[in-house]
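Every chain is numbered from 1, with letters handed out A, B, ... down the list of sequences.
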2 protein chains.
Amino acid sequence: MSPGDEEQAYLAAYDASIFPRPSVAVDVVLLTVRNGGIWALLARRADHPHRGRWAVPGSFLRIDESLDAAASRVLAAKAGLADIFTEQLYTFGAPDRDPRTRVVAVAYYALVEPSRLDRVVSAREAVDLRLARLSVPWPGETGGSVGALDDEGRELGLAFDHAEILGMAVKRIRGKLDYAPIGFELLPDAFSLRDLRFVHEAILGRALNKDSFRRRIIDRGLVVPTGRRAAGVGHRPPELYRFADRSAT
Amino acid sequence: MSPGDEEQAYLAAYDASIFPRPSVAVDVVLLTVRNGGIWALLARRADHPHRGRWAVPGSFLRIDESLDAAASRVLAAKAGLADIFTEQLYTFGAPDRDPRTRVVAVAYYALVEPSRLDRVVSAREAVDLRLARLSVPWPGETGGSVGALDDEGRELGLAFDHAEILGMAVKRIRGKLDYAPIGFELLPDAFSLRDLRFVHEAILGRALNKDSFRRRIIDRGLVVPTGRRAAGVGHRPPELYRFADRSAT
DNA sequence: ATAATAGTGTCTCTCAGACACTATACC
DNA sequence: GGTATAGTGTCTGAGAGACACTATTAT
């Protein structure tokens, strides 16, 4: 028996069903920034458990699908979105996080420009799918649970451990903002430096110095002026910039 | 039927077995720093697949065990270690990463002072369990695969996607080093600033400025002098410091 | 003209790197 | 005393915050 045959025989005899297996779900925190805050797409649960509560969109992982592919599938199915910045966030695996059965949830986060979401949310009746403003009760990158608010500023009931998942997403983008060009994912192709600063301020939850922000962004070569200016803004119109391809850096 | 009863009935009727489920494994990259390099604990695989190749220690997740608990269990079982700094790293889920069956691997990394590992590795015959120096072919936080070397500097064959898992661990600790006190996890209770700098240099893979490193560490209040000095070093003995409890900051 | 924001120039403060200099143990 | 490293003092340059000042458009 050659080593290759031996390995083939081993694999053929391997019984994958001897250990009880958890289910694996992929949940995607779709984030955007508008009105000075961070907003997340949430779906109202139609079924038990946690029926009527609001949940981060997700799906069980298919048996021949990569984790990244599952995240893309969730974004396409729940929000009709493709080509979105998406990154793995953290994996949640407390034994009792889902009362049905053991579910290990691989969480992702995705960033999208708000105008691409307006269509998504208005297409539904905004009853079972909505954008909710996040309320972050901790400063900086402390971490912890994060709530979601309805239009009147009341806390929405969140399903499972999704307050923790939202908290991890906020912590992550706050941490990445300083060294990764993620602000651009939340803006249209052309934007003023003021727009970009507002995005950063919303994510960080604090005001930034106007002048040093401008200099930092320009000095790092992250943006390129387009030569166009915004119009009809009621004051001196700002130069519009676009994200500089990182290959230029 | 009250809402509570209805939920109970739903959960009782829920059949968790209708979807095929992947296996979930927890792999732990146990890292230490010595001789100017980063070293990882690797186990030689006794069985197919990848028999004879070197793998990051791991185990299948038990059905009632949290992910963190599984990581601790792996450290206790494979290295006899408890109370080690451990943190979730990334989840690897390519459909073909294990030829036996679909396995989603939740990777952790752990940091330990090298003297605590000498016992572990010498207890075995160093045939099926060893520390291997990592060879990192990329600068900074670029990311990518990382190899492991034997005592003669030859590449060890790694199992599965474990070169990628090692790479993610190195990328993570390089990124965390600047803002998190992880260097102390790799040193005994009392250490000189020179020792600490060598740990940082080994992790980052580049030399650091002696003077500014000293000032940065002291000015941030991360360390407290013990009043003791190292002895028998052949030159002026350095002050020994200990890690300052972060509550003091 | 006025309001409002865009955008520039300059000063200061902090921090990292560089480097010179002194200190101290072991040989 | 020589050697090797510990530890301090000082200069310089880069970058952030603060602030004053000019520029430009809508009303």
Q: Any chance you could lay out the side-chain contact (heavy atoms from CB on, under 4.5 Å) test for B:F184 and B:F191, step after step, and finish with the verdict?
A: CA-CA 9 Å; B:F184 308 108; B:F191 51 86; 3.4 Å; yes
Q: Give the intermediate values and the outcome of side-chain contact (heavy atoms from CB on, under 4.5 Å) for residues A:F92 and A:M168.
A: CA-CA 10 Å; A:F92 295 82; A:M168 193 67 85; 4.1 Å; yes
(Q) Pair A:L81, A:L30 - check side-chain contact (heavy atoms from CB on, under 4.5 Å), show working. (A) CA-CA 10 Å; A:L81 291 169; A:L30 181 60; 3.7 Å; yes
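Base engagement by B:R215 is indicated by at least one non-hydrogen atom pair under 4.0 Å involving a base atom.
Among all heavy-atom pairs drawn from B:E87 and B:F85, the shortest one is OE2-CZ, 3.9 Å.
Ranked by how close their nearest DNA chain C nucleotide is to the 5' end, A:R229 and A:G234 are led by A:G234. In this structure, B:R216 and B:A231 both approach DNA chain C, and ranking their closest nucleotides by distance from the 5' end singles out B:R216.
Counting to the nearest Å, the C1' atom of D:dG15 and the CG atom of A:D178 are 13 Å from each other. If you measure from atom CZ of B:R236 to atom C1' of D:dT3, you get 15 Å, rounded to the nearest angstrom. Residue B:I217 contributes atom CD1, which lies 16 Å from atom C1' of D:dA6 at whole-angstrom precision. One interatomic measurement links the two molecules: CG of A:D219 to C1' of D:dG17, which rounds to 14 Å at whole-angstrom precision.
Chain B approaches DNA chain C over the interval C:dA16 to C:dC26, counting the first and last nucleotide 5' to 3' with an atom under 4.0 Å from its heavy atoms.
Tested against B:R130 for a salt bridge (Lys or Arg N to Asp or Glu O under 4.0 Å), the candidates B:D151, B:D118, B:D150 yield a single pass: B:D151.
The distance from the OG atom of B:S115 to the CZ atom of B:R34 is 11.0 Å, given to the nearest 0.5 Å.
For the segment residues 198-214 of chain A, residues with any heavy atom less than 4.0 angstrom from an atom of DNA chain D are, sorted by number, A:N209, A:D211, A:S212.
With contacts defined as side-chain heavy-atom distances shorter than 4.5 Å, the pair B:R229/B:R236 qualifies.
The closest donor-acceptor contact from the side chain of B:K171 to the backbone of B:G144 lies at 3.5 Å or more, if one exists at all.
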